[in-house]
Amino acid sequence: MKILINVVAVLLFCGVTFAESDTPDKTTIDFDKTSVGQLPDGWAGGVTGQGSPKWSVEADTTAPSRPNVLNQSGYGTYPWCVKKDVSLKDGYVEVKCKPVSGSEDQAGGIIWRWQDGNNYYITRANALEDNVTIYHTVKGSRRAFKSINMKVTSNQWHTLRVDFAGNQFKVTLDGKVAIEATDDTFKESGAVGVWTKADSVTLFDDFSFRENK
């Protein structure tokens, strides 16, 4: 009985710290209600650094939830696309991403606690480097604070997720824990979104998030 009580206590603690499972109050955006060539309502695209990224909803027959995906097909230092009408402090963000092409990079990432185009957290999976990394971008300068080698296959859909509570972060790729890290750079709530790098052509679908309350 004592062992059972201890196990329950641990599970309750973990539940307070991280959102481990989907709940009815999560929000999922599949981009299927947005006209091809446009961005969904409440979303804005831009770039940290220089370049001309091209963010738009496009039809794709491989989409996990057909017919549409969000596509980045331009070029930029760090292209981003965020849902500016959402502000999360603690919770989770998850997206399905597919790195399609890119000679410099093939990356797909998640943004959270986005303050503006130069200040935010980001985690990304890279198919050219076969790794997953977590960063903070401060005043336009990106710095990694943890990275791990993991297989990331080009032209294949992957599920990338970050759970965040206070200064604690947990990143999973395809259901496997990749990174657990702490950082105190951004403590305020902020917008959430997706991210790429350089000439990455990356598709995104089933963008979901939930706020811990």
Side-chain angles (χ1 to χ4, degrees), residues 10-11 13-23 26 28-29 48 64 69-70 72 78-82 88-102 104-114 120-138 141-187 190-198 200-212:
V10 170
L11 290 174
F13 174 78
C14 291
V16 170
T17 304
F18 290 114
E20 294 289 353
S21 60
D22 291 338
T23 60
K26 77 170 184 176
T28 300
I29 301 168
T48 303
V69 298
L70 178 63
Q72 199 300 110
Y78 305 122
W80 49 259
C81 192
V82 297
L88 269 65
K89 183 177 181 180
D90 296 329
Y92 82 81
V93 182
E94 180 179 290
V95 72
K96 293 182 175 68
C97 56
K98 179 181 178 180
V100 176
S101 64
E104 295 181 39
D105 231 302
Q106 292 185 26
I110 292 172
I111 284 174
W112 70 101
R113 292 185 186 164
W114 187 92
Y120 52 84
Y121 282 117
I122 170 258
T123 185
R124 66 99 179 99
N126 192 307
L128 288 187
E129 299 176 7
D130 277 332
N131 60 25
V132 178
T133 307
I134 188 170
Y135 307 84
H136 57 234
T137 297
V138 180
S141 177
R142 187 190 67 157
R143 186 179 73 83
F145 53 95
K146 198 161 187 180
S147 185
I148 186 171
N149 293 330
M150 291 185 75
K151 182 62 180 176
V152 183
T153 306
S154 297
N155 280 298
Q156 179 175 309
W157 286 98
H158 299 277
T159 300
L160 183 65
R161 171 169 169 148
V162 60
D163 290 81
F164 47 101
N167 67 350
Q168 301 179 59
F169 311 106
K170 181 171 72 173
V171 179
T172 57
L173 179 69
D174 297 332
K176 297 179 180 179
V177 175
I179 292 171
E180 292 182 291
T182 59
D183 185 79
D184 290 298
T185 303
F186 300 112
K187 300 178 181 179
V192 295
V194 293
W195 178 100
T196 68
K197 181 185 175 186
S200 301
V201 175
T202 307
L203 308 181
F204 298 91
D205 200 6
D206 295 342
F207 181 86
S208 65
F209 56 90
R210 190 191 79 114
E211 182 178 14
N212 288 353

Note to self: Measuring only between side-chain heavy atoms, which start at C-beta, is Arg124 closer than 4.5 Å to Cys97?
What the structure shows: no
Note to self: Measuring from atom NZ of Lys151 to atom CG of Leu173, what distance do you get when rounded to the nearest 0.5 angstrom?
What the structure shows: 12.0 Å
Checklist line | Expected output: side-chain Thr202 to main-chain Ala107 donor-acceptor under 3.5 Å | finding: yes
Check: Donor-acceptor pair, Tyr121 side chain versus Thr185 backbone, under 3.5 Å?
Finding: yes
Checklist line | Flag side-chain contact, heavy atom, 4.5 Å: Asn126 against Val152 | finding: no
Checklist line | NE2 on His136 to CD1 on Ile122, rounded to 0.5 Å | finding: 12.0 Å
Item checked: Leu128 vs Glu104 side-chain heavy atoms within contact, under 4.5 Å -> no
Notebook entry, point to check: What are the two closest non-hydrogen atoms of Met150 and Ala178, and how far apart are they?
Noted result: SD-CB, 3.3 Å
Next item on the list: Return the set of residues passing salt bridge (charged side-chain N to carboxylate O under 4.0 Å, His left out) with Lys146 (not counting sequence neighbours), or none when no residue passes.
Entry: none
Checklist line | Residues Thr159, Thr172; criterion side chain to side chain contact (heavy atoms under 4.5 Å, CB included); working and verdict | finding: CA-CA 8 Å; Thr159 300; Thr172 57; over 6 Å; no
Check: To the nearest 0.5 Å, how far apart are CG in Asp184 and CD in Gln168?
Finding: 10.0 Å
Notebook entry, point to check: To the nearest 0.5 Å, how far apart are CZ in Phe207 and CD in Glu94?
Noted result: 10.5 Å
Checklist line | ring-ring contact (aromatic ring centres under 6.0 Å, His included) against Tyr135, all qualifying residues, sequence neighbours excluded | finding: none
Item checked: Residues Arg113, Asp90; criterion salt bridge (Lys or Arg N to Asp or Glu O under 4.0 Å); working and verdict -> CA-CA 9 Å; Arg113 292 185 186 164; Asp90 296 329; 2.9 Å; yes
Checklist line | Intermediate values then yes/no, side chain to side chain contact (heavy atoms under 4.5 Å, CB included), Val132 and Thr123 | finding: CA-CA 7 Å; Val132 178; Thr123 185; 4.1 Å; yes
Check: Less than 4.5 Å apart, any side-chain heavy atom of Ile134 and any of Phe145?
Finding: yes
Check: Who pairs with Asn149 by side-chain contact (heavy atoms from CB on, under 4.5 Å), at least two apart in sequence or on another chain?
Finding: Asn131
Note to self: Are Phe209 and Trp112, when compared by the centres of their aromatic rings, separated by less than 6.0 Å?
What the structure shows: no
Notebook entry, point to check: Does any non-hydrogen side-chain atom of Asp183 lie less than 4.5 Å from one of Asn167?
Noted result: no
Notebook entry, point to check: Which heavy atom in Phe204 sits nearest to a heavy atom in Gly109, and how many Å separate them?
Noted result: CE2-O, 3.8 Å
Checklist line | pair Tyr120-Val82: side-chain heavy atoms closer than 4.5 Å | finding: no
Note to self: With rounding to the nearest 0.5 angstrom, report the CG to CD distance, Asp105 to Glu129.
What the structure shows: 6.0 Å
Check: Looking only at heavy atoms, what is the nearest atom pair of Phe164 and Val93, with distance?
Finding: CE2-CG2, 3.8 Å
Item checked: Nearest heavy atoms of Lys96 and Trp157, plus distance in Å -> O-CZ3, 3.4 Å
Checklist line | Within-4.5 Å side-chain heavy-atom neighbours: Leu70 and Cys81 | finding: yes
Check: In Å and rounded to the nearest 0.5 Å, what is the OH to CD1 distance from Tyr78 to Ile111?
Finding: 12.0 Å
Next item on the list: Please examine the side chains of Val162 and Ile179, heavy atoms only from C-beta on, and report whether any two atoms are closer than 4.5 Å.
Entry: no
Note to self: Please find the pair of heavy atoms, one from Pro99 and one from Gln156, that lie closest to each other, and give the distance.
What the structure shows: CD-O, 3.7 Å
